[in-house]
Engineer: 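Mind looking over this structure? Questions follow.
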Amino acid sequence: MTIGIIGSGAMGAGIAQVVAQAGHPVFLFDLNAAALQRATVGIGTNLRKLAEKGKLDAAEVEAAIARVRTCSELQCFAACGLVIEAIVEELGVKQAVFRDVEAVVTASCVLATNTSSLSIASIAAACQRPERFIGIHFFNPAPLMQLVEVIPAVQTRAGLADEIKALVQSWGKLPVVCKDTPGFIVNRIARPYYGEAIRLLEEGVADAATIDWALTELGGFRMGPFALMDFIGHDVNYRVTESVFTAFFFDPRFKPSFTQKRLFEAGYYGRKSGRGFYDYREGAAMPEPTRDPALGHQILQRVLAMLINEAVDALALNVASREDLELAMTKGVNYPKGLLRWADELGLPAVLQTLDALYDEYHEDRYRASPLLRRLVKSGQSFFPATVASHSA
């Protein structure tokens, strides 16, 4: 199958590399000739590095590079069986592109968007044949990140999600299928990792360095929330938070913070701008955390309870299966454990007690426990009963 990619930025080029490596002829489309040139050079460099490290055969690498052809006219998609869009996160722009693409592709060609925050149904609505439209959300960098979220829209024909899941698996990726809800799986469930950490900072419970220390050293997360937000960039992370908050009809669980908004407004985007929660300018010293185990466990307990609650609520609302929720968080954002298994290990009553204590203190809907968590505690059940039984044996 020939695959078309719209957009030759970092994500589009990364997806092109993935599918070319998997043996597909690829048409990489962009109106910007310089961007196309950068993309093809980058793909070649990345693949040849893999050959140098012995991870790929040199002949395979050259064959994969040869499969990627560039184009600046949509007509190149005429023979494609799948076209994936990876351009700016603006609904109107994406809709306009797919209207134009639909005019040149065959009736059987599947159309897909790599959006991370927009409604799949809204983009599909611009198409004459919305039943062949689906979300295929890669994580950056696409060649390295294993997880891919497959998101059928309400219009998507039955069976297409399973077909795309099998295709993505053939590319050596780990696909998860989820509902077309704001943030899908990862960007929805991960919100408290940032939001609750900022809340702790704003309340003066601890400084950024201490909160990061607690979550990495005591929790096993690869990066603390403040270091991670600075790494992602507040121009990206804040906008995603704001988008999810708006899309969830202003549910207080996803409420953005003024602290991060002010950094965004000031242009303090993090590493890319030299300043964020931390100072990355030359000569600046990174602050030392307060390594207080009691304080650290208090921080970890609170953030973890909020993350678990979000995962439980996603399961309760059938956003994805139990297994896909676990896979998404361990492979999409590299969490040390799946949140539902982690909940079982901590004990569901302990998680519920933390959330209820926060709700009693603040009386904010932000801290309301998922009804599913409450039901499981009441009935003495867990998410993975066999695992709990083996631990107690």
Side-chain angles (χ1 to χ4, degrees), residues 89 116-117 182-183 186-219 221-281 284-292 295-310 333 335 354-355 357-359 361-368:
E89 287 286 89
S116 61
S117 61
V186 171
N187 280 327
R188 172 193 186 138
I189 294 176
R191 290 337 310 154
Y193 192 64
Y194 314 113
E196 200 59 24
I198 296 174
R199 184 69 175 261
L200 287 161
L201 176 72
E202 289 176 335
E203 290 180 2
V205 173
D207 59 18
T210 300
I211 295 168
D212 277 357
W213 165 80
L215 288 159
T216 54
E217 292 300 313
L218 303 180
F221 291 91
R222 289 194 183 182
M223 290 182 77
F226 297 102
L228 183 53
M229 284 184 278
D230 277 358
F231 179 78
I232 294 167
H234 299 288
D235 52 332
V236 175
N237 187 264
Y238 174 76
R239 279 179 172 143
V240 171
T241 299
E242 192 174 50
S243 169
V244 170
F245 178 56
T246 303
F248 268 108
F249 307 117
F250 307 103
D251 188 319
R253 286 184 303 171
F254 305 104
K255 190 176 180 180
S257 76
F258 286 115
T259 298
Q260 189 179 29
K261 188 178 184 185
R262 295 298 177 258
L263 291 177
F264 168 67
E265 291 169 339
Y268 293 173
Y269 297 152
R271 285 182 177 273
K272 68 179 79 174
S273 67
R275 289 182 71 178
F277 284 109
Y278 297 113
D279 192 337
Y280 301 93
R281 293 171 297 180
M286 291 297 279
E288 283 293 315
T290 301
R291 293 179 171 85
D292 176 346
L295 175 61
H297 282 292
Q298 176 192 338
I299 292 165
L300 174 61
Q301 181 184 35
R302 181 162 159 179
V303 174
L304 197 48
M306 294 292 281
L307 284 168
I308 288 169
N309 195 46
E310 206 52 58
V333 275
Y335 281 9
T354 298
L355 291 166
L358 288 165
Y359 186 83
E361 181 177 353
Y362 292 99
H363 286 273
E364 288 184 45
D365 251 11
R366 173 191 190 90
Y367 298 110
R368 70 184 187 272

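All values below were derived from every heavy atom in this structure, side-chain atoms included, with hydrogens, water molecules and symmetry-related copies excluded.
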Engineer: Just wondering, are more than 12 heavy atoms of other shown residues or ligands nearer than 6.0 Å to CZ in Arg291?
Structural biologist: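 Enclosed: over 12 neighbouring heavy atoms sit under 6.0 Å from CZ of Arg291.
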Engineer: Between Asp230 and Tyr280, does any side-chain donor sit less than 3.5 Å from a side-chain acceptor?
Structural biologist: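 On atom types as modelled, these side chains qualify, holding a pair under 3.5 Å.
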Engineer: With under 30° as parallel and over 60° as perpendicular, where do the rings of Tyr193 and Tyr335 fit, or are they tilted in between?
Structural biologist: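 The arrangement is tilted - the two ring planes meet at 30° to 60°.
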Engineer: Nearest 0.5 Å please: distance from the CG atom of Asn237 over to the CE atom of Met229.
Structural biologist: 6.0 Å
Engineer: With a 4.5 Å cut-off on side-chain heavy atoms, are Lys261 and Pro256 touching?
Structural biologist: no
Engineer: Set out, in order, the CA-CA distance, both residues' side-chain angles and the distance that settles side-chain contact (heavy atoms from CB on, under 4.5 Å) for Ile198 and Phe277, then state yes or no.
Structural biologist: CA-CA 10 Å; Ile198 296 174; Phe277 284 109; 4.2 Å; yes
Engineer: Taking Arg239 first and then Glu242, would you say they form a salt bridge - that is, a charged N and a carboxylate O separated by under 4.0 Å?
Structural biologist: no
Engineer: For the pair Leu263 and Tyr269, evaluate side-chain contact (heavy atoms from CB on, under 4.5 Å) and give the outcome as yes or no after the intermediate values.
Structural biologist: CA-CA 7 Å; Leu263 291 177; Tyr269 297 152; over 6 Å; no
Engineer: Within the supplied structure, the quantity of interest is the number of heavy atoms (other residues, nucleotides, ligands) at a distance under 6.0 Å from Lys272 NZ; does it exceed 12?
Structural biologist: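 Yes.
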Engineer: With a 4.5 Å limit on heavy-atom distance, are the side chains of Asp365 and Arg253 in contact?
Structural biologist: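 Side chain of Asp365 against side chain of Arg253, heavy atoms only: no contact under 4.5 Å found.
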Engineer: Over all heavy atoms of both residues, which pair between Ser117 and Ser243 is shortest? Give the atoms and the distance, please.
Structural biologist: CB-OG, 3.8 Å
Engineer: So, applying salt bridge (charged side-chain N to carboxylate O under 4.0 Å, His left out) with Glu196, which one of Lys255, Arg302, Arg191 is it?
Structural biologist: Arg302
Engineer: What is the minimum heavy-atom distance between Ile189 and Leu307, and which atoms define it?
Structural biologist: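 For Ile189 versus Leu307, the nearest heavy atoms are O-CD2, 3.4 Å.
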Engineer: Which heavy atom in Ala206 sits nearest to a heavy atom in Ile299, and how many Å separate them?
Structural biologist: CB-CD1, 3.7 Å
Engineer: Please find the pair of heavy atoms, one from Ala214 and one from Gly296, that lie closest to each other, and give the distance.
Structural biologist: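 Closest pair (atom of Ala214, atom of Gly296, distance): CB-O, 3.5 Å.
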Engineer: Please assess Thr216 against Arg222 for the test side-chain contact (heavy atoms from CB on, under 4.5 Å), listing each intermediate value before the final yes or no.
Structural biologist: CA-CA 6 Å; Thr216 54; Arg222 289 194 183 182; over 6 Å; no
Engineer: Would you confirm whether the ring centroid of Phe245 sits within less than 6.0 angstrom of the ring centroid of Phe254?
Structural biologist: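 No, ring centres 6.0 Å or more apart.
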Engineer: Below 6.0 angstrom between ring centroids: does that apply to Phe226 and Tyr278?
Structural biologist: no
Engineer: Side chain of Ser273, backbone of Arg275: donor and acceptor closer than 3.5 Å?
Structural biologist: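 Side chain of Ser273 to backbone of Arg275: a pair is present.
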Engineer: For Tyr359 and Tyr367, what are the C-alpha separation, side-chain angles and deciding distance, and is it a ring-ring contact (aromatic ring centres under 6.0 Å, His included)?
Structural biologist: CA-CA 5 Å; Tyr359 186 83; Tyr367 298 110; 8.1 Å; no
Engineer: Could Arg368 and Asp251 be called an ion pair, given the rule that one side-chain N must be under 4.0 Å from one carboxylate O?
Structural biologist: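 Salt bridge between Arg368 and Asp251, a charged N being under 4.0 Å from a carboxylate O: yes.
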Engineer: As an exercise, state the distance from OH of Tyr238 to OG1 of Thr259, rounded to the nearest 0.5 Å.
Structural biologist: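 Tyr238 atom OH to Thr259 atom OG1 measures 11.0 Å (nearest 0.5 Å).
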Engineer: Quick one, Val303 and Leu200 - any side-chain contact, counting heavy atoms below 4.5 Å?
Structural biologist: yes
Engineer: Can you tell if the side chain of Arg199 reaches within under 4.5 Å of the side chain of Tyr194, non-hydrogen atoms only?
Structural biologist: no
Engineer: Examine distances only and state if a side-chain atom of Thr210 and a backbone atom of Thr290 form a donor-acceptor pair shorter than 3.5 Å.
Structural biologist: yes
Engineer: Roughly how far, to the nearest 0.5 Å, is the CG atom of Asp235 from the CD atom of Glu265?
Structural biologist: 13.0 Å
Engineer: Restricting to non-hydrogen atoms, name the atom on Ala305 and the atom on Thr354 that form the minimum distance, rounded to 0.1 Å.
Structural biologist: CB-CG2, 3.7 Å
Engineer: Look only at the side chain of Asp212 and the backbone of Ala227, and say whether a donor-acceptor pair between them is shorter than 3.5 Å.
Structural biologist: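 Judged by distance alone, yes, a pair lies under 3.5 Å.
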Engineer: Return the minimal non-hydrogen interatomic distance between Leu215 and Pro225, and the atom names on each side.
Structural biologist: CD1-CD, 3.4 Å
Engineer: Indicate whether any N or O donor in one side chain lies under 3.5 Å from an N or O acceptor in the other, for Asp279 and Tyr268.
Structural biologist: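 On atom types as modelled, these side chains do not qualify, holding no pair under 3.5 Å.
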